[in-house]
Amino acid sequence: GEGTVLFLPGHDGVIRHAHLFHHVENRKLPSLPLLAAIHHWRLKTSQLALPEPGESGEALLLHDPEGSPGRGMVRLSLERGNLLLLDQAGPDAPCRVVPYHGLDAALAAEPDLFRDRVLLAGVTAGAAHDEHSVPVAPQGLTSTTGVMLHAGALKDVLTGTRFRRASPGAERAAVAL
């Protein structure tokens with residue numbers, strides 16, 4: 001399938017959202033995380049309900065993360081512009097990381113390492129210049145790589161994470177504390 005790999009930083013240069021999909025010429029073009037979930041769960045178009053242009057709301061995927069396709073529903077809260085607010089709270093990576101130089105040893109120890117899993121391959125070396133500012137990253141850093149952004153967004157889609165922005169009143173109260 002075809003999809004997008006776009007993460008746009010906010011006004012302060014920090015990435016907090018993932019575009020779940022884009023409207024392109026009367027089509028809904030999924031992001032890489034959404035497309036990976038669709039293929040992983042073998043979903044059909046009829047099992048997706050995505051908001052129309054300019055709407056906020058929910059994306060619905062007819063699938064139960066603990067069961068089989070079509071047996072339940074994953075609800076993803078979206079902000080205007082089809083933005084999925086990423087759950088970046090925590091110091092741990094959103095997935096298992098296997099370095100390329102350790103791939104042979106990992107596969108020798110676990111031959112089924114990638115069976116029934118989604119594999120994202122990407123460059124994590126600083127020389128690749130694929131670092132992006134985020135509120136919280138593994139090891140307490142404030143930046144992460146593009147592949148880790150996709151992994152985090154994919155984790156949110158696969159687990160049905162319902163992460164929402166606080167109401168303006170709650171944000172003001174938190175700042176006042």
Side-chain angles (χ1 to χ4, degrees), residues 1-11 14-97 114-122 132-138 144-171 174:
E2 56 185 340
T4 63
V5 292
L6 181 64
F7 286 95
L8 295 175
H11 68 281
V14 176
I15 294 176
R16 293 180 179 83
H17 299 90
H19 285 270
L20 197 60
F21 63 95
H22 294 272
H23 291 277
V24 178
E25 298 178 3
N26 297 322
R27 292 178 38 215
K28 293 175 180 170
L29 192 61
S31 64
L32 175 65
L34 179 57
L35 186 63
I38 289 168
H39 285 285
H40 181 65
W41 287 334
R42 296 175 181 86
L43 297 179
K44 296 178 177 79
T45 306
S46 61
Q47 293 174 281
L48 301 173
L50 304 173
E52 292 304 317
E55 292 180 353
S56 58
E58 292 183 323
L60 305 176
L61 289 75
L62 298 177
H63 176 78
D64 177 3
E66 301 299 322
S68 58
R71 298 203 49 209
M73 186 179 304
V74 172
R75 293 178 180 272
L76 300 170
S77 299
L78 300 180
E79 295 183 355
R80 190 166 302 284
N82 310 316
L83 295 173
L84 176 67
L85 187 60
L86 299 173
D87 178 8
Q88 297 178 356
D92 299 323
C95 59
R96 179 172 174 183
V97 176
F114 302 124
R115 185 178 311 280
D116 298 325
R117 295 191 179 160
V118 177
L119 172 66
L120 298 178
H132 304 276
S133 294
V134 293
V136 179
T144 192
T145 61
V147 71
M148 293 305 283
L149 281 171
H150 287 292
L154 176 59
K155 173 201 55 98
D156 290 349
V157 171
L158 291 175
T159 61
T161 299
R162 293 186 54 91
F163 198 66
R164 291 183 177 201
R165 180 179 301 279
S167 69
E171 284 184 12

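In this structure, Leu154 and Ala36 approach most closely via the heavy-atom pair CD1-CB, 3.9 Å. Of all heavy-atom pairs between Pro9 and Ile15, the closest is CA-CG1, 3.8 Å. When all heavy atoms of Ala18 and Phe7 are compared, the pair lying nearest together is CB-CE2, 3.5 Å. Looking at every heavy atom in both residues, Ala153 comes nearest to Pro33 through CB-CG, 3.6 Å. Minimum interatomic distance between Leu35 and Pro30 (heavy atoms only, all atoms of both residues): CD1-CG, 3.9 Å.
Put simply, CG on Leu32 and NE2 on His150 are 5.5 Å apart, with the number rounded to the nearest 0.5 Å. Taking CG of Leu60 as the start and CG of Leu48 as the end, the distance is 9.5 Å to the nearest 0.5 Å. Atom-to-atom distance recorded for Arg42:CZ and Gln47:CD is 12.0 Å, nearest 0.5 angstrom. With values rounded to the nearest 0.5 angstrom, Leu34 atom CG is found 10.0 Å from Leu29 atom CG. Once rounded to the nearest 0.5 Å, the distance linking CG of Leu86 with NZ of Lys155 reads 8.5 Å.
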Pair Leu84-Val157, side chain to side chain contact (heavy atoms under 4.5 Å, CB included): steps then yes or no: CA-CA 9 Å; Leu84 176 67; Val157 171; 4.1 Å; yes
Pair Leu50-Asn82, side chain to side chain contact (heavy atoms under 4.5 Å, CB included): steps then yes or no: CA-CA 9 Å; Leu50 304 173; Asn82 310 316; over 6 Å; no
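Scored by the side chain to side chain contact (heavy atoms under 4.5 Å, CB included) test, His40 finds Val118, Leu158 as partners (sequence neighbours excluded). When the side chain to side chain contact (heavy atoms under 4.5 Å, CB included) test is applied to Val14, the partners found at least two apart in sequence or on another chain are Asp12, Arg16, Ser133, Pro135. Leu83 pairs by the side chain to side chain contact (heavy atoms under 4.5 Å, CB included) definition with His17, His19, Glu79, not counting sequence neighbours. Checked against side-chain hydrogen bond (donor to acceptor under 3.5 Å, both in side chains), His132 has the following partners two or more places apart in sequence or in another chain: Asp130.
Between Trp41 and Val74 there is a side-chain heavy-atom pair separated by less than 4.5 Å. Here the side chains of Leu76 and Asp156 are not in contact, with every heavy-atom distance at 4.5 Å or above. Contact check for His23 versus Lys28: side-chain heavy atoms found under the 4.5 Å cut-off.
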